[in-house]
Novice: 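Quick one: structure below, then a few questions.
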Amino acid sequence: MTTMLGLQLTARRVLVVGGGPVAARRVQALLADAAEVVVVAPQVCEVLLDLHRWGLIEWRVREVEEADLDGAWLVHTATGDRSTDAAVLAWATARQTFCVDAGGADGSARTPATTQQGDVLLGVVSAGAPDPGRTAAVRDALAEHLREGRVDLRRRRTHPGRVVLVGGGPGDVGLLTLAGRRALAEADVVVTDRLGPVAVLDELAPGVEIVDVGKTPGHHPVPQHEICRLLVEHAQRGRVVVRLKGGDPFVYGRGGEEVLACRQAGVAVEVVPGVSSAFAAPAAAGIPLTHRGTVGAVHVMNGHDGWSSAALAGLRDGSCTVVVLMGVGTLAALAGEALDAGVDPTTPVALVEDGTLPGQRVTRAGLADVVDVAAAAGVRAPAVIVLGAVAAAGLLGPDGDTPRTAGASGPGATGTVTMAS
């Protein structure tokens with residue numbers, strides 16, 4: 001019979017007998033667990049030699065002796081010599097010290113194939129004859145489930161709360177990163193916007209609290225200071241709080257303010273980057289923001305803040321593509337100011353609505369006509385505005401303007417509206 005236990009080896013002595021590659025792998029794993037490692041072998045491989053030089057292990061340069069087991073909490077044999085390994089195992093058994101026998105099935109302990117997600121360590125071990133290939137395959141299959149956030153990893157006991165800011169991407173659930181999904185698998189509370197991959201909320205485990213703080217243009221029912229307060233208070237109650245945001249938290253997502261609020265309150269906080277809609281929506285619409293021979297730089301701006309001198313200069317001389325987020329409501333002002341600043345009236349403009357989602361639509365026009373064209377087409381937020389030569393129709397050939405969704409939902413059969421240029 002085999003009983004699985006989690007051993008705390010921090011600052012505890014572990015004896016490894018042998019100096020080859022197998023011993024080196026065992027030693028590296030033990031060092032990762034902060035064990036005090038003693039290696040006994042007449043010779044060691046380069047990996048162990050380096051670890052000894054760096055002062056990370058003690059190396060006793062000789063054959064193993066029974067006294068080497070003194071003070072050891074755990075013993076590993078990996079000499080490749082069956083008589084030596086058997087002798088070490090017999091000494092350990094007499095001392096009632098657990099021993100892993102790397103070369104056979106007689107050891108009193110076994111090392112499982114492990115994988116870790118957060119503070120959950122998963123181990124797989126054979127209950128019968130050792131079968132490392134099988135245990136590794138099972139481990140890998142289970143690890144895939146953990147990586148993809150398919151397992152409910154919420155804590156069931158009281159623990160210190162924390163906040164995780166997750167960039168959810170532009171909207172397609174398939175563009176939510178694996179790290180984001182793993183964070184959601186551990187969440188007790190999800191504070192979400194109206195943008196981003198909101199469909200993923202239907203996949204959360206029962207009992208996860210969802211707090212909707214979504215804003216619409218001109219309507220902010222939950223102001224930013226209140227959102228920060230919610231994050232802090234839920235975490236202070238011992239909860240794992242995921243702040244699910246559209247795009248990337250640090251690209252006009254006010255993620256910096258939320259991080260500061262948590263740190264000022266003494267709440268642990270981390271950030272999971274997301275795919276920014278500034279780059280994903282144009283890509284899904286077949287618009288390369290940089291293109292060899294056309295343009296090699298990108299400037300991203302917030303439509304509410306208005307033009308910067310750098311963005312206008314880049315448009316005037318054609319040296320950069322300008323991407324405007326949250327600019328639908330200010331399109332008329334932006335276009336007028338650009339024209340007044342000397343930007344070519346024929347500069348191509350593309351407006352990508354609902355980028356990466358089934359309703360994605362692209363409307364194109366020249367700068368001088370874009371306001372009227374957008375009004376006639378009924379362009380609405382959320383939309384990403386792209387200005388510059390790359391926004392022209394047909395840049396990538398006849399199929400280059402067919403918008404497609406790159407995530408799990410597959411190709412999006414969505415429309416492209418190409419109007420005055």
Novice: Around atom CZ of R380, are there more than 12 heavy atoms of other residues, nucleotides or ligands at under 6.0 Å?
Specialist: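 Not more than 12 within 6.0 Å, no.
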Novice: On a heavy-atom basis, which atom in L312 and which in A338 lie closest, and how many Å separate them?
Specialist: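 Closest heavy-atom pair between L312 and A338: CD2-CA, 3.9 Å.
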Novice: Do the side chain of D354 and the main chain of Q360 share a donor and acceptor less than 3.5 angstrom apart?
Specialist: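 No; zero donor-acceptor contacts below 3.5 Å.
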Novice: How long is the straight-line distance from OG1 of T330 back to NE2 of H304, given to the nearest 0.5 Å?
Specialist: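 So the NE2 of H304 and the OG1 of T330 are separated by 6.5 Å.
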Novice: Nearest 0.5 Å, please: how far is CG in D50 from CD1 in I57?
Specialist: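 These two atoms lie 9.5 Å from each other.
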Novice: With no hydrogens and no angle check, is any side-chain donor or acceptor of R364 less than 3.5 Å from a backbone partner on A391?
Specialist: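 Present.
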Novice: Step by step, work out the side chain to side chain contact (heavy atoms under 4.5 Å, CB included) result for V14 and R26.
Specialist: CA-CA 10 Å; V14 178; R26 296 288 173 89; over 6 Å; no
Novice: First locate atom OG of S276, then atom CG of L175, and finally report the distance between them rounded to the nearest 0.5 Å.
Specialist: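 So the OG of S276 and the CG of L175 are separated by 11.5 Å.
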Novice: Starting at CG of L339, measure out to CG of L367 and round the result to the nearest 0.5 Å.
Specialist: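 Going from CG on L339 over to CG on L367, the span is 4.0 Å.
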Novice: Looking at R229, I'd like to know if its CZ atom is crowded, meaning that more than 12 non-hydrogen atoms belonging to other residues, nucleotides or ligands lie closer than 6.0 Å.
Specialist: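 Atom CZ in R229 is packed in, count exceeds 12.
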Novice: Is there a donor-acceptor pair under 3.5 Å between the side chain of T294 and the backbone N or O of V390?
Specialist: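 Judged by distance alone, no pair lies under 3.5 Å.
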Novice: Does V200 offer a backbone N or O that forms a donor-acceptor pair with the side chain of R181 under 3.5 Å?
Specialist: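 It does not hold such a pair.
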Novice: As a quick check of understanding, evaluate side chain to side chain contact (heavy atoms under 4.5 Å, CB included) for L244 and L201, giving each step before the final call.
Specialist: CA-CA 10 Å; L244 182 61; L201 300 175; 4.1 Å; yes
Novice: Looking at every heavy atom in both A383 and V328, which two are closest together, and how far apart are they?
Specialist: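 Closest approach of A383 to V328, heavy atoms only: CB-CG2, 3.6 Å.
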Novice: Would you say that T97 contacts L69 through its side chain, given a criterion of any heavy-atom pair below 4.5 Å between the two side chains?
Specialist: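 With C-beta onward as the side chain, the pair stays apart.
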Novice: Mind checking whether F98 and L7 have side chains closer than 4.5 Å, heavy atoms only?
Specialist: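 They are not in contact (no side-chain heavy atoms under 4.5 Å apart), so the answer is no.
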Novice: Taking all atoms of both residues into account, what is the closest heavy-atom pair of G20 and C45, and its distance?
Specialist: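 Result for this residue pair: O-SG, 3.8 Å.
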Novice: Mind checking whether E258 and V163 have side chains closer than 4.5 Å, heavy atoms only?
Specialist: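 A side-chain contact under 4.5 Å is absent here.
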Novice: With side chains defined as the heavy atoms from C-beta onward, is the minimum distance between L334 and W307 less than 4.5 Å?
Specialist: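 Yes, side chains in contact.
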Novice: Sub-3.5 Å donor-acceptor pair from the side chain of D193 to the main-chain atoms of L195, do we have one?
Specialist: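 No; judged by distance alone, with no hydrogens or angles, the pair does not exist.
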Novice: When rounded to the nearest 0.5 angstrom, what distance separates CD in E36 from CG in L56?
Specialist: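 Interatomic distance, E36 CD to L56 CG, rounded to 0.5 Å: 12.5 Å.
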Novice: Provide the closest heavy-atom pair for D85 versus G80 in the form atom of the first, atom of the second, distance.
Specialist: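 The pair with the smallest heavy-atom distance is OD2-N, 3.7 Å.
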Novice: Are any non-hydrogen side-chain atoms of N302 and L325 less than 4.5 angstrom apart?
Specialist: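 Not touching, per the 4.5 Å side-chain cut-off.
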Novice: Mind checking whether L351 and R361 have side chains closer than 4.5 Å, heavy atoms only?
Specialist: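 Contact flag for L351/R361 side chains = no.
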Novice: For atom CH2 of W59, decide whether the heavy atoms of other residues, nucleotides or ligands shown that lie under 6.0 angstrom number more than 12.
Specialist: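 For W59, atom CH2 is crowded (more than 12 foreign heavy atoms under 6.0 Å).
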Novice: Show the nearest heavy-atom pair for residues A265 and V232, with the distance to one decimal.
Specialist: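 Minimum heavy-atom contact is CB-CG1, 3.5 Å.
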Novice: Hey, does the side chain of T363 reach the backbone of A374 with a donor-acceptor pair shorter than 3.5 angstrom?
Specialist: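 No, because the side chain of T363 does not come within donor-acceptor range (under 3.5 Å) of the backbone of A374.
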Novice: Check step by step if side chain to side chain contact (heavy atoms under 4.5 Å, CB included) holds for V213 and L230.
Specialist: CA-CA 10 Å; V213 296; L230 285 169; 4.1 Å; yes
Novice: Which atom pair, heavy atoms only, marks the closest approach of V190 to V208?
Specialist: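 The pair with the smallest heavy-atom distance is CG2-CG1, 4.0 Å.
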Novice: Using atom types as modelled and distance alone, determine if a side-chain donor or acceptor of S308 lies under 3.5 Å from a backbone N or O of A311.
Specialist: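 A pair under 3.5 Å: yes.
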Novice: Among V384, V323, L289, which residue satisfies the side-chain contact (heavy atoms from CB on, under 4.5 Å) criterion with F279?
Specialist: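 When V384, V323, L289 are each tested with F279, the side-chain contact (heavy atoms from CB on, under 4.5 Å) holds only for L289.
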Novice: Could you tell me whether the side chain of V39 reaches within less than 4.5 Å of the side chain of H52, counting heavy atoms only?
Specialist: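 Side-chain contact under 4.5 Å: no.
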Novice: For D33 and A35, indicate whether the former's side chain and the latter's backbone hold a donor-acceptor pair under 3.5 Å.
Specialist: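 Such a contact is absent between D33 side chain and A35 backbone.
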Novice: For the backbone of T10 and the side chain of Q8, can you confirm whether one donor and one acceptor N or O come within less than 3.5 Å of each other?
Specialist: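 The answer is yes, because a donor-acceptor pair under 3.5 Å joins these two groups.
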Novice: Nearest 0.5 Å, what's the CD-CZ distance between Q224 and R254?
Specialist: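 Reported to 0.5 Å precision, the distance equals 4.5 Å.
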Novice: Considering only heavy atoms from C-beta outward, does the side chain of T321 approach that of I287 to under 4.5 Å?
Specialist: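 T321 does not reach I287 side chain to side chain.
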Novice: Holding to salt bridge (charged side-chain N to carboxylate O under 4.0 Å, His left out), I want the full list of residues that pass it with E337, two or more places apart in sequence or in another chain.
Specialist: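 Applying salt bridge (charged side-chain N to carboxylate O under 4.0 Å, His left out) to E337 gives none.
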